[in-house]
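Notes to accompany the following structure.
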Amino acid sequence: MSDVWYKELGFETNPFSIKPNSLVIGIDSTLQKLKSRIKTGGIILLTGDYGTGKTAILKNLIEEFKGKRKLIYYSYNRKDGILDFDKLLYESKMLNKIIKRKPKKMILLLDEVEKLNIKEREELILNYKQGYFKAVVLVARNKKSANLNTELEELISKDYVQMQEMTSETAAKMIRNRIGSVDYISDVMIKRIFQVRKNPRMFLENCEDVCRYAFNTNSEKVNEKHLEILNTSSINHTIGPWLRW
Amino acid sequence: MNWYNKLGFSKDPFEINPFVLDTKFLKYDAELEELVYFLKSSAGVILEGPDGSGKSSTLKEVIKILQADKKEKYILINGKELSLNQNIEIKILQKRTALQKVLGLKPKNIILVLDNADYLTNENFERIKYYYDEEIIKSFVFATANYHRLLMSESLKKRIGRRIIRLRKPSSKDAIIIVKTRMDKKLILEDRTILKVWEYSKHNIKMHLVNIASLLKNMVENDKDEILDEELDELFKDNFYREKDLSKTCQICGLKLHETKGSWHCDKCEHTCPECGVSIGKNDKICGNCGVDFK
C-alpha cells in the first residue's frame, strides 16, 4: 500500500475525520446559548441540517455536565421498543437503580427525536412537569421533522435553538485547529474548498479529498488545480474481476 | 470419491463463497487500496457491485490486510446471518476484551466489515451509526448489490458521502478466465463451451460457476472428455443451478424466492429490473446496472 498522506504529513490519524468532535469550532455561540438555557431549565429544541454539528454540540454538553452526574443522553437511533423514561432515570445513578427511586432535576439530551411517539411524548412531558427533568434538549433536523405535539410546542416556544451557519473564517479556524501550523494547505485554499460545499461534514470530506489528491500527485502544496477532484460524484473505479479469482 | 477428486482437486474448485475456498488475488488492485485507506482513516464506505462482481472476495482481502496490522481490530459480519430481529450490537459487543467485559465497558475503534448489507434492517443501520459516532466503530464498509436499496437513513448516507466504490459487472472474457484460473491446467472445456454455459447462466458469475461445476461433474461421472453442443443443450433444459436453488427462501421474510433474468429475488422484499434482473430501489427510474428507463 502506498504511503498514507496524513501520516507523511505527521498525523497519526486522519485530521479531517467527519466524526463528531467534542472540540467545537464555529459552533461555539450555539453551544454557549444552549449551556445557559440548560442552566435556567426548560425544554429546548435544537435543530440543524445533516452534518452541521448537532452531535458535536451534544458531545460537548456531555463533557460539560457529566461530572455532576446530572445528565442523561439518549439517542433515538438505538431505540428498541418504547422508550422507558422511568428506566432511564433509575439507571442514571447506581443508588437510584438499587432503591428504584427516580432522581430529580436531571438534564436529558434526546438525540434524533423524529421517531418520538405519542406515548413517549406524554411520558416526557409528565416527567418534566413532575420535576424529574430540569432541562430537556430535543435534537432534530428541523422543527417540522421533530414531530412535536401542541403541548410540547408550547413548552419549547421560547427555547428554539438553530445551528448557526459556518463562515469561511470559522471554517479556516476549524481546519487550523485540526492540522495546526502544517502549511500543506493554506487558509486561502481552505476557504476556496469551503465555498464548494459549506456543510461542515461535506467540507471536511472535501478537505481530505483535496489534500490526498495533492499528496498522491506529488505536489508540494495544495493549489487551485487540486480542486478538480471535487467534481467527481463518487469514487467510481472499475476493475477486472479476473484480478480477484 | 467426488468428481473433483477424480480431476485431482481436494476441494470443489468452483466453490462460490470466497470465505470457504481460498481463492487468490492475482494482483493488488486500486479498489482494495482505496477501501483499506478509508477503513484506516475512520470513514464509512460502500462497496457496490452486481452479484458475482467480487465484493466478498474483496472483503476477504481486506480482512487479510487488517489481520496483518496488529493495531487494527475488526469484525466481519454477514448480513444474511443476522435474523430480522437480531440486534447487531450483540455481535459488535463480542469484540470486547476480557477486561472490558468485567468493567462493563464497550469496545473501541472496531472496523466493521459487513457483507450482504442488503439484509440489514433500518434499526441495525441506525445502531451502527450510533456506534460510529460514539467511536465504538472506527470505520465501516457495507457490501451491497445496490446502495440505493439499503434501508439506511439519510443521516447515515450523509456520513458516507462520496465514499462509494463500485465494482463492474463481469464480462464474457472474465467468465472464461475465472474457469481457467480455477481449473489450473486440468481444464477439459473449450472456450466456446464455457461461453455457452455463461449464456445459460444469464451472465451471472455465481450461477456460471455452479453450472460449470455441474457440467464437469456430469462429464466425469459419464467418463466424457468432451461435450457436444446438443448434449449441453439437453443438460441445460434442467438447469443445474436452478434445480439447486428452487428450495431457496428469502432470509428476510421467509417467502420462496423466484428467478428473474438469472438472479433469485423475493417479490415481497425486493424490486428487480425487468431487463437485467438486478435489485433496484423502489423509486428508481433508471436501472443502475443496464440503464433501462422504467418509464
Side-chain angles (χ1 to χ4, degrees), chain A residues 1-2 4-7 11-22 49-52 54-56 58-59 62 73-81 111-112 114-115 141 145 197 199 201-202 204-206 208-209 212 216 229-230 232-245, chain B residues 18 23-34 36-38 40-46 49 52-54 57-58 61 65 87 89 123 125-127 129-135 138 153-159 161-171 173-174 177-178 181-182 205:
Chain A
M1 193 172 177
S2 62
V4 177
W5 68 272
Y6 56 81
K7 293 207 171 178
F11 301 101
E12 186 54 37
T13 55
N14 176 11
F16 301 128
S17 165
I18 58 146
K19 291 208 168 188
N21 198 312
S22 57
D49 204 357
Y50 300 121
T52 49
K54 300 187 295 294
T55 311
L58 291 184
K59 283 201 161 193
I62 293 168
Y73 167 71
Y74 188 84
S75 178
Y76 249 79
N77 54 20
R78 293 186 67 213
K79 196 177 87 154
D80 225 351
D111 200 359
E112 313 229 9
E114 279 85 352
K115 290 172 193 163
R141 201 175 155 215
S145 72
R197 291 306 286 267
N199 177 289
R201 195 183 283 147
M202 290 175 187
L204 284 170
E205 194 182 330
N206 284 347
E208 180 186 351
D209 286 350
R212 189 176 171 217
N216 290 345
I229 191 73
L230 302 180
T232 52
S233 59
S234 70
I235 300 141
N236 196 352
H237 292 287
T238 52
I239 187 161
W242 59 86
L243 297 177
R244 283 184 285 279
W245 286 299
Chain B
T23 50
K24 284 175 188 165
F25 252 68
L26 299 180
K27 190 185 156 193
Y28 195 74
D29 62 81
E31 279 74 11
L32 186 60
E33 190 170 349
E34 198 76 353
V36 171
Y37 166 77
F38 287 137
K40 290 192 172 187
S41 308
S42 308
V45 55
I46 295 289
S53 57
S57 303
T58 306
E61 293 304 311
I65 294 167
N87 187 334
E89 286 186 20
E123 287 77 13
F125 276 122
E126 287 300 281
R127 288 172 186 132
K129 185 179 79 180
Y130 173 78
Y131 271 24
Y132 178 65
D133 287 350
E134 290 298 303
E135 316 227 6
K138 173 185 175 176
S153 65
E154 222 23 61
S155 64
L156 181 53
K157 283 183 180 171
K158 295 285 180 194
R159 279 163 174 77
R162 279 197 306 272
R163 276 80 170 109
I164 304 164
I165 297 173
R166 294 198 170 97
L167 302 178
R168 72 167 171 80
K169 199 175 179 180
S171 66
K173 187 180 168 191
D174 304 328
I177 294 172
I178 186 174
T181 312
R182 295 254 184 147
I205 208 89

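Chain A is the first sequence line, chain B the second, and so forth, proteins listed ahead of strands; every chain is numbered from 1.
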*Under a 4.5 Å heavy-atom cutoff, which of Ser153(B), Ser155(B), Ser42(B), Gly49(B) has the most pairs with chain A?*
Ser155(B)

*Could I get the full list of ring pair (Phe, Tyr, Trp, His ring centres under 6.0 Å) partners for Phe125(B), not counting sequence neighbours?*
Phe142(B)

*Could Arg212(A) and Tyr37(B) be counted as a cation-pi pair, given that NZ or CZ must be under 6.0 Å from the ring centre and within 45° of the axis?*
yes

_Given heavy-atom pairs under 4.5 angstrom as the criterion, report whether the side chain, backbone, both or neither of Phe16(A) touches chain B._
neither

*Do Trp5(A) and Glu208(A) have side chains that get closer than 4.5 Å, going by heavy atoms?*
yes

*Residue Phe11(A) versus chain B: region with a heavy atom under 4.5 Å*: neither

*Partner residues of Arg141(A) under the salt bridge (charged side-chain N to carboxylate O under 4.0 Å, His left out) criterion, sequence neighbours left out*: Asp49(A)

*Establish, from distance only, whether the side-chain atoms of Thr13(A) and Tyr6(A) form a donor-acceptor pair under 3.5 Å.*
no

*With only heavy atoms counted, which part of Lys7(A) is less than 4.5 Å from chain B, the side chain, the backbone, both or neither?*
side chain

*Engaged part of Glu114(A) at the chain B interface, taking heavy atoms whose separation is under 4.5 Å*: neither

